[in-house]
Structures are given as C-alpha cells and as structure tokens.
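One structure is given below, encoded as structure tokens.
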Amino acid sequence: MTGAHAPHHLDAGRDREVPPRVGRVEPDPPLVAEGTTDDPTLETIIDTVIDWFGHHGRDLPWRHDGTTPWAVLVSEVMLQQTPVVRVLPRWTDWMQRWPTPADLADAPTAEVLRAWDRLGYPRRALRLQECAQMIVREHGGVVPRGIEALRALPGIGEYTAAAVTAFAHRERAVVVDTNIRRVLARSVQGLALPAPSYSAAERALATRSLPPQPPRSVAWNQAVMELGALVCTARSPRCAQCPLAEAGCAWVAAGSPAAPEGSRRRQAFEGTDRQLRGQIMAVLRRDGEATHAALLTLDAADPERVARCEASLVADGLAVRSAGRLRLP
DNA sequence: AAGGCGGGGTC
DNA sequence: GACCCAGCCTT
C-alpha cells in the first residue's frame, strides 16, 4: 500500500486517461474479444460512466495502489451481502492482523470468527480461512489467476472470481453484481429493476457491454458498480445527478416507469433460525463458550428451536461441543 | 429455480 | 416494518 490518499479517480486514473467529455475521444481497440460491440449508444455509456467515476468514485482503501490480491479477495468476501461502511473497519483490522494467506491459514479459527464480528453470514469467515489454507497448500501462498482456479476456492463464486480477476489482477472479467445488474437493467433494458434471479440473458448483456481489453474493461467494471452503489440505487435513484440520464439511459428515456407491482416476499427475519443462530454466535464471540441452559434463555418459549440451532451451528463448523458446552471451534 | 444463511441501516 | 446490501451453496 502506498498510503496515498489520492482523492477520487484512483482506478480510472491509473488505468486510463479519463476522457474529458462524454463521447468517444479516441478510437477503440480492435474488436477482437468475444462479446464486444460497436453499439454507439453503449460506447457512450461506457465513456460517460468511466468519466463520472473519475470525479465521484469513493476513495476506498482496497482500491489503493499497492493493495495485494489477497487483500482485494478478503474485501470482496466481506462485501458479499454486507454494505461497504460496515466492512471498512473490519477489513482494516483484519489485514493488519493477517496480511497474507499464510497468516490467516495458521490463525485459531475462534479468533477468525471473533474478528469477523458482526459482518453476518459467519460461514464466510470459515470459508475464507479454508480459502487461505487452500491457497497456501495448492498455490504456493499466492492468489491464483484465472476464473476457473479462483472458483475452485471455497466461498468464491462467479461474482467474486470475476471481481478478483478484474480488481486484483487487473485482467478482463465479466463482473456482475447487484449494482451492475441494476444499472444495465435500467440504462440498457429500460427496466425499473432487474428480475429477481440472475439470467443468462443478463450475463450476455454484461459480456456484450464489457470493453474488449484492460485497463478499460477494469475501469468500466469499477465505474459501473460504483454508479449503481451511489447514484443508480435500488430505492431512490438520484437521476438528477446521473451522468446517464441524458446520455442514453433507456429507463429515463421511457419516462422512468415504476416497477411492476412486485409480490416478491422476502424472508422474514424475526423469529427465524437465522436470527437465533446469530444470537448464539454473538454469545460465543463474547464468552467463548456457553452452556445449553444459558442458551435456552435466548428463546425460553421454544427449547427445541434452540437445540436445533445449536446442532446446525455445530454441523456448519461454527461451533463445537465440549464438556457439555457449546464453544467456538 | 428456490431457499437458507446475519445484521443493521434506511425509508 | 419492509427492503436492501460488491453472493455462495445446496437442494
């Protein structure tokens, strides 16, 4: 890490001169890579969004020049379903404590779970440590290159493999997260929101939208994700501040139609096993262990549920039984 | 394709 | 109180 605190435009600035204005300011590279396009509207969108990122992108620490591929991978895992602001302090502490895969591989798992704190989905912490161990054992302690090798690591799926390829290795990758899905759904497809489940058609659209070569592809990955996070948000999109509103956004052009009345029932959380598991893990993080009797007080009305959750935590490797108590592994 | 899996901020 | 968040994994 250089320690530099260059304001904004970190990645775009490093990868490519930011175009001074909307529109094409230089010829594109030959369209050799699969999934590229010569659609002028799409080209305008790409240049516009990259330019916007140069001025408005956040100065996030894992974007700093010199951040190791491992540190980028850790950030991506932490960011799986957890907002940036909550990840920031945990990531900083984590990387200071365990800077390399070998460091994390050798750490006591109980300490790993404690350091994960309340980021949620603590199975991710277990998988991250397993991931570090696999990197040490099978890749000489170095984060491997290539989507296939990355996806073989525990906890690394399609998105994270692509994100590590783009943001750590600076190679071309089809990165599609919830932000990018939403920006493409609106700006290209004219939809208020993407469909609930990710489709092959969306993957094809993202592939088609991706510039043919790095560093421009990487700048696009980063910029479009940031636009979705800061401007083209799920709930109240800030279209007045959006560089695409008058540069070809299909949704705005269509009059920003509302989403069809969605009956997507979300899972409830109150009263679920997921909630109780979280409460049990909070006790274990604090005390290291707990008796069954103590855990029963978390839901005195339903001892079966407590027992079920304890058992599932053990089955997941998040806790172990020892001397009649539940404790961190 | 659907459902489980945390936790907290926001509207 | 419902919705959302740089998803992954199993069924």
Side-chain angles (χ1 to χ4, degrees), chain A residues 11 53 57-58 60-63 71-91 113 116-128 130-131 150-168 173-183 192-200 202-203 206 218 220-230 232-238 259 261-285 308-309 312-313 315-318:
Chain A
D11 284 33
F53 182 84
R58 290 168 293 182
L60 301 175
W62 43 83
R63 291 177 179 166
V72 172
L73 188 154
V74 171
S75 77
E76 292 298 344
V77 172
M78 288 183 172
L79 287 163
Q80 292 167 359
Q81 296 289 281
T82 303
V84 167
V85 288
R86 231 174 336 140
V87 166
L88 279 169
R90 297 294 105 240
W91 180 83
L113 289 171
W116 193 259
D117 196 38
R118 292 171 302 186
L119 289 179
Y121 298 138
R123 295 193 293 196
R124 289 183 293 163
L126 289 185
R127 292 188 184 126
L128 187 56
E130 293 166 13
C131 177
L150 288 165
R151 285 211 58 169
L153 299 170
I156 309 298
E158 177 174 343
Y159 162 76
T160 306
V164 169
T165 297
F167 306 139
V174 182
V175 178
V176 186
D177 75 327
T178 186
N179 292 305
I180 294 177
R181 290 187 65 211
R182 191 170 52 248
V183 173
L193 290 172
S197 56
Y198 181 47
S199 68
E202 286 181 272
R203 187 181 295 105
V218 176
W220 163 250
N221 291 147
Q222 192 79 267
V224 67
M225 192 179 314
E226 190 79 336
L227 186 71
L230 299 183
C232 194
T233 52
R235 271 199 276 180
S236 318
R238 300 166 173 82
E261 208 46 43
S263 58
R264 334 178 176 179
R265 295 303 302 171
R266 290 270 164 185
Q267 310 172 254
F269 180 62
E270 197 69 25
T272 60
D273 284 3
R274 204 150 102 244
Q275 182 188 35
L276 181 54
R277 283 167 53 106
Q279 292 171 342
I280 294 172
M281 288 303 295
V283 171
L284 296 184
R285 282 195 304 269
R308 184 172 68 241
C309 287
S312 74
L313 289 172
D316 286 347
L318 288 165

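A, B, ... follow the sequence lines: proteins, then strands. Residue 1 opens every chain.
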Checklist entry - Using the P atom in both, what is the distance from C:dC8 to B:dG9, to the nearest Å? => result 24 Å
Next on the checklist: If you compare every side-chain N and O of A:T160 against the phosphate oxygens of C:dC8 (OP1, OP2), does one of them come in below 4.0 Å?
Outcome noted: yes
Item to check | Closest heavy-atom pair and its distance - A:V87, A:M78 | outcome: CG2-O, 3.4 Å
Next on the checklist: If I pick the P atom on B:dG3 and the same atom on C:dC3, what distance separates them, to the nearest angstrom?
Outcome noted: 15 Å
Next on the checklist: Please give the distance between the C1' atoms of C:dC9 and B:dG8 as a whole number of Å.
Outcome noted: 24 Å
Checklist entry - Atom CE of A:M78 and atom C1' of B:dG6: how far apart are they, to the nearest Å? => result 15 Å
Checklist entry - Rounded to the Å, how far apart are A:L79 CG and B:dG6 P? => result 18 Å
Checklist entry - Separation of A:E130 atom CD from C:dC8 atom P, in whole Å? => result 15 Å
Item to check | Test item: side-chain donor near acceptor, A:R90 and A:T82, under 3.5 Å | outcome: no
Checklist entry - Between B:dG4 and C:dA6, how far is it from one P atom to the other, in whole Å? => result 23 Å
Checklist entry - Within the structure, does a side-chain N or O atom of A:R182 lie under 4.0 Å from either OP1 or OP2 of C:dC5? => result yes
Checklist entry - Are the charged groups of A:R63 and A:E226 less than 4.0 angstrom apart, N to O? => result yes
Next on the checklist: It should be established whether A:T178 places a side-chain nitrogen or oxygen under 4.0 Å from OP1 or OP2 of nucleotide C:dA6.
Outcome noted: no
Next on the checklist: In this structure, how many angstroms lie between the P atom of C:dC8 and the CZ atom of A:R123, rounded?
Outcome noted: 13 Å
Strictly under 3.5 Å: I want the nitrogen or oxygen pairs between protein and nucleotides 7-11 of chain B, one per line.
{"residue": "B:dG7", "atom": "OP2", "partner": "A:G278", "partner atom": "O", "Å": "3.3"}
{"residue": "B:dG7", "atom": "N2", "partner": "A:R86", "partner atom": "NH2", "Å": "2.6"}
{"residue": "B:dG7", "atom": "N3", "partner": "A:R86", "partner atom": "NH2", "Å": "3.0"}
{"residue": "B:dG8", "atom": "OP1", "partner": "A:R118", "partner atom": "NE", "Å": "3.3"}
{"residue": "B:dG8", "atom": "OP1", "partner": "A:R118", "partner atom": "NH1", "Å": "3.2"}

Next on the checklist: Tell me the interatomic distance from A:E76, atom CD, to C:dC5, atom C1', rounded to whole angstroms.
Outcome noted: 14 Å
Checklist outcome for this item: In whole angstroms, the gap separating P of B:dC5 from CG of A:L126 amounts to 15 Å
Next on the checklist: Measuring only the C1' atom in each nucleotide, how far is B:dG7 from C:dT10? A whole number of Å is fine.
Outcome noted: 23 Å
Checklist entry - NA contact type, A:A163, heavy-atom cut-off 4.0 Å: base, sugar-phosphate, or nothing? => result nothing
Checklist entry - Can you check whether A:V77's main-chain N or O pairs, donor with acceptor, with A:R124's side chain at less than 3.5 Å? => result yes
Next on the checklist: Taking the C1' atom in each of B:dG6 and C:dC4, what is the distance between them to the nearest angstrom?
Outcome noted: 13 Å
Protein and nucleotides 9-11 of chain C: nitrogen or oxygen contacts under 3.5 angstrom:
{"residue": "C:dC9", "atom": "OP1", "partner": "A:G155", "partner atom": "N", "Å": "2.7"}

Checklist entry - Between A:E202 (CD) and C:dG7 (P), how many Å, whole number? => result 13 Å
Next on the checklist: Show, in sequence, the C-alpha distance, side-chain angles and deciding distance for A:Y159 and A:E76, and conclude whether the side chain to side chain donor-acceptor pair (under 3.5 Å) test is met.
Outcome noted: CA-CA 9 Å; A:Y159 162 76; A:E76 292 298 344; 2.7 Å; yes
Next on the checklist: Tell me the interatomic distance from A:L318, atom CG, to B:dG4, atom P, rounded to whole angstroms.
Outcome noted: 18 Å
Checklist entry - If you look at every strand shown and take non-hydrogen atoms under 4.0 Å, does A:V84 touch a base, only sugar-phosphate, or nothing? => result base
Checklist entry - So, the side chain of A:R182 versus the backbone of A:P194: is there a donor-acceptor pair under 3.5 Å, distance only? => result no
